[in-house]
> 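Quick one: the structure is below, and I'll ask about it shortly.
What's counted below: heavy atoms across the whole structure, side chains too, no hydrogens, waters or symmetry copies.
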Amino acid sequence: MQILITGNMGYVGSTVCKYLRQMRPDAVLHGFDNAYFAHCLTGAMCLPEHSLDAQFYGDVRSITPERLAGYDAVVQLAAISNDPMGHKFEKITYDINQDTTIALARSAADAGVHHFVFASSCSIYGIAEGGPRKESDPVNPVTAYARSKIGAEKALEQIDTDMVITCLRFATACGMSDRLRLDLVLNDFVASAMVTGKLSVLSDGTPWRPMIDTADMARAIDWAVDRPAEAGGRYLAVNVGSDDRNYQVRQIADAVAEMLPGTTVSVNTEAPVDSRSYRVDFSLYRSLAPDHQPQVTLRDSIGELKAGLERMAFEDADFRNSPLIRLKVLEAHMASGRLDSALVWQRSARP
């Protein structure tokens, strides 16, 4: 099997490459990435890309249909990957997350690719009161990032093709990675507890967040790259996570404090309503992919983050302004002239 992973040199992609190699030792694995975050290695003993047969460099916005010929599956991870970046780069967020994803899928279908996997997000549910959200429930995206994800989903459903398309609506990512991000709620909490002994919950602690470790995201992608059409249909949008991993933000903070004794937790009881609060029903994924269910518990993720940060000798109390925050990396590239305002590499920039 030949698999192309776009956006493989990021937080999730670094784990996906290693997992797919472990599970599919005979597969041909290729990566395609523009390397915004290639240098953001965090305690890795070697490049995650050593798991691949080849690494290609380029902007997914300009990938050619010819590049996709011969692949059995394309995994689309390339994205402007969170709300702060989506707010600052709103047009580019729609361009990459939505329009480029649609163009990539159409090109893949034309090239004879059998499976297309899109990393979507449960954030499309926005503020969702009542019971856990099922795939058939209305969506309520409140950020550019979430709107770009549901926009891509809707267009992918309309592509007239025999190619099997799977949109994985992932819960909130967390856990250790060879390219760790600390702009995610659990990861931020663990880092803050380790260097300051304090956790500040900016909301009132009640918003809901389903959580999923990067290892379990990779497990889901492994399922989707050759999912039979009979398991969910030719086109499938499915929530990916586990019912017992729906947490309120205060519960996440308390779990971190419990595993890092001496940590104090403060909650902003006067905070305005958080624009993202959603519980999610994962029963469809459980029925379709019984052998690929999440295995990493919240405590496991916290423990692995703690161990990983200790290996890095992490002690930066100002980490929210560091390269461990993806927006800060892009801003540094732009300030140096390496990227222009459209996030395109400038060859004339000084090294």
> Please indicate whether D160 has more than 12 foreign heavy atoms, meaning atoms of other residues, nucleotides or ligands, lying under 6.0 Å from its CG.
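12 or below, so no.
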> When hydrophobic residues are tied together by side-chain contacts of less than 4.5 Å, even through go-betweens, does I212 share a cluster with V280?
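The answer is no; the residues belong to distinct hydrophobic clusters.
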> Before giving the answer on side-chain contact (heavy atoms from CB on, under 4.5 Å), spell out for Y145 and H87 the whole-Å C-alpha distance, their side-chain angles and the decisive distance to 0.1 Å.
CA-CA 8 Å; Y145 171 77; H87 178 72; over 6 Å; no
> Return the SG to CZ distance between C167 and F116, rounded to the nearest 0.5 Å.
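These two atoms lie 8.0 Å from each other.
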> Give the minimum heavy-atom separation between D222 and H292, together with the two atoms involved.
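Shortest heavy-atom contact: OD2-NE2, 3.4 Å.
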> Verify side-chain contact (heavy atoms from CB on, under 4.5 Å) between E153 and I124, making sure each step is shown before the conclusion.
CA-CA 10 Å; E153 281 191 24; I124 62 173; 4.1 Å; yes
> How far does CG of D318 sit from OG1 of T196, to the nearest 0.5 angstrom?
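Interatomic distance, D318 CG to T196 OG1, rounded to 0.5 Å: 12.0 Å.
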> According to a 4.5 Å side-chain heavy-atom criterion applied to Ile, Leu, Val, Met, Phe, Trp and Tyr, with indirect links allowed, do I102 and Y94 form part of one hydrophobic cluster?
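The answer is no; the residues belong to distinct hydrophobic clusters.
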> Answer yes or no on whether R67 is positioned over the face of F56, meaning its NZ or CZ is under 6.0 Å from the six-membered ring centre and within 45° of the axis.
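Ring-cation test returns yes.
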> Between Q76 and A78 (side chain of the first, backbone of the second, donor and acceptor by atom type, cut-off under 3.5 Å), is there such a pair?
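Yes.
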> Ignoring hydrogens and geometry, is there a side-chain-to-backbone donor-acceptor pair from E135 to N239 under 3.5 Å?
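Answer holds: yes.
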> Say whether M9 and V16 are linked into one hydrophobic cluster, either directly or through other cluster members, by side-chain heavy-atom distances under 4.5 angstrom.
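Different clusters: M9 never reaches V16 through Ile, Leu, Val, Met, Phe, Trp or Tyr contacts under 4.5 Å.
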> Compare all side-chain heavy atoms of L343 with those of I80 and state whether any distance is below 4.5 angstrom.
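Heavy-atom side-chain distance check passes, below 4.5 Å.
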> Rounded to the nearest 0.5 Å, what separation is found between the NE2 atom of H39 and the CZ atom of R179?
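CZ of R179 is found 10.0 Å from NE2 of H39.
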> Grouping I, L, V, M, F, W and Y whenever their side-chain heavy atoms are under 4.5 Å apart, do I165 and L4 come out in a common cluster?
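Yes.
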> Return yes if a side-chain donor-acceptor contact under 3.5 Å exists between Q55 and N8, otherwise no.
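Side chains of Q55 and N8: pair found under 3.5 Å.
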> Please determine whether the number of non-hydrogen atoms from other residues, nucleotides or ligands lying under 6.0 Å from atom CG of N321 exceeds 12.
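For N321, atom CG is crowded (more than 12 foreign heavy atoms under 6.0 Å).
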> Is the backbone N or O of A119 less than 3.5 Å from a side-chain atom of K149, with the two atoms forming a donor-acceptor pair by type?
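A pair under 3.5 Å: yes.
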